[in-house]
Amino acid sequence: MKTSQRYWLVKSEPSVFSIRDLARSPQQRTAWDGVRNYQARNYMRQMALGDLVLFYHSNADPPCVAGIAEVVRTAYPDDTQFDKSSHHYDPASSKSNPRWDMVDIRYRREFPAVLPLDRLRGVTGLERMELLRKGSRLSVQPVTPSEWNCILKLAGIKDEK
DNA sequence: GCCAACGTTGGC
DNA sequence: GCCAACGTTGGC
């Protein structure tokens with residue numbers, strides 16, 4: 001039994017990279033690059049193989065949880081930090097001491113219907129969810145097992161462990 | 001497009 | 001180490 005199973009939520013703007021883009025990616029996987037926030041990076045460093053991830057659409061209409069992905073590679077240096085042509089280039093980082101990491105995730109499923117942010121507010125069991133905290137901007141965040149179960153129930157999904 | 005909330009930077 | 005200025009996030 002996997003007692004170490006953990007749950008997370010990552011944000012992406014669907015106009016940039018949506019859950020369908022993930023589903024259409026080679027092997028349905030992608031490197032989750034471009035995270036430039038220390039707290040978010042530190043959470044990524046805690047991710048383990050097989051951890052499950054809620055895929056959230058920010059700056060969307062409506063903003064919503066759109067589906068589920070899975071961690072398929074643990075943290076390793078984000079190569080965009082060394083790429084001068086990248087928006088995510090970080091001149092203060094060096095290859096000998098990289099500052100930013102990324103993980104790889106793989107598509108698991110799209111929710112039958114997205115769960116709008118509005119729908120989550122006020123739900124019993126989600127009162128303390130990071131996503132719902134006023135002013136929360138964290139793009140990678142932990143989700144508790146009870147929050148996970150609650151979200152999946154709202155999404156009408158029974159079997160995702 | 002607005003702007004509140006938040007994180008980072010850099011002068012002192 | 002403080003904090004003002006600035007940049008970014010992301011809901012609305």
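In what follows, chains are A, B, ... by sequence order, proteins preceding strands, each numbered from 1.
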Checklist entry - Just by distance, with hydrogens left out, do A:Arg6 and A:Gln46 show a side-chain donor and acceptor under 3.5 Å apart? => result yes
Sorted by chain and number, sequence neighbours left out, side chain to side chain donor-acceptor pair (under 3.5 Å) with A:Trp100 holds for A:Asp90
Test item: A:Met129 and A:Ile151 side chains (from C-beta on) under 4.5 Å apart, heavy atoms
yes
Assign each of A:Gly135 and A:Asn59 the nucleotide of DNA chain B bearing its closest heavy atom; nearer the 5' end lies the nucleotide of A:Asn59
Any chance the side chains of A:Arg128 and A:Ser146 put a donor and an acceptor closer than 3.5 Å?
no
Just the atom pairs and distances: protein N or O near nucleotides 7-11 of chain B's N or O, under 3.5 Å.
residue	atom	partner	partner atom	Å
B:dG7	O4'	A:Arg137	NH2	3.2

Partner of A:Ile105 under side chain to side chain contact (heavy atoms under 4.5 Å, CB included), picked from A:Leu22, A:Val72, A:Leu52, is A:Leu22
Check nucleotides 2-5 of chain C against the protein and report each pair of N or O atoms closer than 3.5 Å, with its distance, or say if there are none.
none

Looking at side-chain heavy atoms only, is the closest gap between A:Thr30 and A:Trp32 below 4.5 Å?
yes
Subject >> Donor-acceptor contact below 3.5 Å, side chain A:His88 vs main chain A:Asp83 >> reply: no
Donor-acceptor pair, side chain of A:Asp51 and main chain of A:Ala48, under 3.5 angstrom:
yes
